[in-house]
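Report on the following structure.
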Amino acid sequence: MVLAQEIKKEIFREYDIRGNVVEGELTPEIIERIAFVYGCFLQEKQITRAVLGYDNRPCSEDFAAAAVQGLSMAGIAIFHVGLTTTPAVYFSQYLLRCPGAMMITASHNPSDWSGLKLAKGYSATLEPDDIKYIYALLQRSIGKKTIFQGQVKYVNTREAYLSEIIKRVGNVGKEKAPLRVVIDCGNGGTGLFAWELFQQLGHQVFQLNCDPDMSYPHYFPNPSLAEARKRLREMIIHPYIKADIGLSFDGDGDRLGVIDGEGNDVWSDKVLMVLAKDMLEKYRGGKIIFDVKCTSALPEYIT
């Protein structure tokens, strides 16, 4: 395995691990080493099962293979769900009863980046102190292989994930008119889920870049990109489409962009207003957590 001194401290961020692949900050050898140490971290917490998934960057399959080696050497039983999204990995934890999880992704960062999102329990990802501890374990040079190796099982959780969302949201019925929805996945991994999900929910769906393509021929999947929003807006207001709404996703499916039927951007704080209203009607007095970059209108609306 790679030496701890060769792994840059800067890639260990507050809540995840992220580095530039082209510059050598992350390599298969480094991923294997970190995965092994993460597996030891899980063992300390008496966690022996973990879900493994990855996005569709050019490096992701090789990094996933390296992660299998590292986790296995730490004695972790791996449930490999393949190309997927971050939310689907978290769902798979519950479905497969795996408190541990590793998602190989750099989220909305450009394609020459990669990283790791790590879990230490159900709905519990690593916190800043955990990330620091992982780095400290690396520096201790723990590197002996375990007596036994964790087994690897390849599992497809896609259909179960889609079915669970449909069960919770409900299909369009007589009381609800179907929407005309444009879905832009930017050729990222969300294309395996999003357009079919809205179709199964009963809406009329128009696809934009929904085929996963690690060369990203149009633009990288990031809803914040002006180029991506421009193309989505053009499709929404096209006279042959006249959509009600457009939705765009980042590569690992945990970042959402919204444009209304008039082609106007609907920013995140307004989206959260809609979600908060719905949740607080169901759970009165509940807590709403939001990003500090949101406008002051959001907490006022929640209150």
Side-chain angles (χ1 to χ4, degrees), residues 1-45 47 50-55 57-76 78 85-87 89-90 93 98-146 150 222 250-255 289 291-293:
M1 284 188 178
V2 68
L3 296 175
Q5 295 88 333
E6 300 176 45
I7 303 176
K8 292 185 178 180
K9 186 177 181 179
E10 292 74 21
I11 69 175
F12 292 83
R13 296 149 49 106
E14 274 201 304
Y15 294 98
D16 63 4
I17 297 168
R18 204 173 294 188
N20 191 294
V21 177
V22 174
E23 295 177 3
E25 291 181 334
L26 285 176
T27 64
E29 293 76 20
I30 291 174
I31 292 291
E32 180 179 336
R33 177 67 177 162
I34 295 174
F36 172 74
V37 171
Y38 168 62
C40 295
F41 168 84
L42 291 180
Q43 291 281 11
E44 288 183 4
K45 295 183 174 297
I47 295 173
V51 175
L52 173 66
Y54 59 86
D55 65 13
R57 296 166 191 268
C59 63
S60 292
E61 286 191 14
D62 288 342
F63 282 7
V68 166
Q69 291 297 315
L71 289 169
S72 177
M73 285 190 295
I76 300 298
I78 305 161
T85 66
T86 296
V89 163
Y90 297 148
Q93 283 187 274
C98 292
M102 173 183 285
M103 176 65 182
I104 298 171
T105 182
S107 191
H108 56 282
N109 281 71
S111 60
D112 55 348
W113 286 71
S114 188
L116 302 171
K117 294 181 179 180
L118 306 169
K120 60 178 181 179
Y122 301 107
S123 299
T125 53
L126 267 57
E127 299 174 15
D129 286 344
D130 300 315
I131 297 290
K132 290 177 182 176
Y133 185 62
I134 294 288
Y135 182 74
L137 287 179
L138 279 169
Q139 300 310 304
R140 288 186 205 167
S141 297
I142 57 171
K144 292 182 179 179
K145 296 184 179 181
T146 53
N222 181 352
D250 70 343
D252 70 320
D254 63 358
R255 181 171 287 219
I289 301 173
D291 195 297
V292 294
K293 295 190 292 292

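All of these numbers come straight from a predicted model, not from anything done at the bench.
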*Is a side-chain donor or acceptor of Gln43 paired with a backbone partner of Ala74 at a separation under 3.5 angstrom?*
yes

- Message: Between Asp130 (side chain only) and Glu127 (backbone N and O only), is there a donor and an acceptor less than 3.5 Å apart?
- Response: yes

Distance col, row Ile7:CD1 vs Glu29:CD, nearest 0.5 angstrom, shows 10.5 Å

| query | Is the closest side-chain heavy-atom distance between Leu137 and Glu44 below 4.5 Å? | reply | yes

Glu32 side chain vs Ala67 backbone, donor-acceptor pair below 3.5 Å: no

Tightest non-hydrogen contact, residues Lys120 and Leu42, listed as CA-CD2, 4.5 Å

Ile31 versus Gln69: any side-chain heavy-atom pair under 4.5 Å? no

Correct closest heavy-atom pair for Ala101 and Val89 would be CB-CG1, 3.9 Å

Sorted by chain and number, sequence neighbours left out, side chain to side chain contact (heavy atoms under 4.5 Å, CB included) with Asp129 holds for Lys132

Note: Ser60 and Asp55 closest approach over all heavy atoms is OG-OD1, 2.5 Å

Heavy-atom nearest pair, Gly100 first then Ile47, reads N-CG2, 3.7 Å

Ala35 and Leu71 have their tightest heavy-atom pair at O-CD2, 3.5 Å

Please list, one pair per line, the donor and acceptor atoms closer than 3.5 Å that link side chains of residues 12-20 to other protein atoms, with sequence neighbours excluded.
residue : atom : partner : partner atom : Å
Arg13   : NE   : Asp16   : OD1          : 2.9
Asp16   : OD2  : Arg18   : NE           : 3.2
Asp16   : OD2  : Arg18   : NH2          : 2.5
Arg18   : NH1  : Asn109  : OD1          : 2.7
Asn20   : OD1  : Val22   : N            : 2.9
Asn20   : OD1  : Glu23   : N            : 2.9

Within a 6.0 Å radius of atom CD on Glu61, are there more than 12 heavy atoms belonging to other residues, nucleotides or ligands? no

query: So, do Lys117 and Asp252 sit near enough that their side-chain heavy atoms are less than 4.5 Å apart?
result: yes

Can you tell me if Arg57 uses its side chain to pair, donor with acceptor, with the backbone of Trp113 under 3.5 Å? yes

Practice item. Determine yes or no for a side-chain-to-main-chain donor-acceptor pair under 3.5 angstrom, with Gln93 supplying the side chain and Gly121 the backbone. Key: yes

One should read off an interatomic distance between Asp254 CG and Ser107 OG, to the nearest 0.5 angstrom, of 4.5 Å

Side-chain heavy-atom pair Ile131, Ile134 within 4.5 angstrom cut-off: no

One should read off an interatomic distance between Thr125 OG1 and Met103 CE, to the nearest 0.5 angstrom, of 14.0 Å

The reported gap from SG in Cys59 to CG in Asp112 (rounded to nearest 0.5 angstrom) is 9.0 Å

In terms of heavy-atom contacts, Ala64 and Leu52 come closest through O-CD2, 3.7 Å

Donor-acceptor under 3.5 Å (Ser114 side chain, Ala106 main chain):
no

- prompt: Within a strict 4.5 Å, meaning less than it, do heavy atoms of the Leu118 and Phe41 side chains meet?
  reply: no

CG of Asn222 to OG of Ser111, rounded to nearest 0.5 Å, is 12.0 Å

**Prompt:** Is the shortest heavy-atom distance from the side chain of Leu116 to the side chain of Phe63 under 4.5 Å?
**Reply:** no

- Query: For Ala119, does its backbone N or O pair with a side-chain atom of Tyr38 as donor and acceptor, under 3.5 Å?
  - Reply: yes

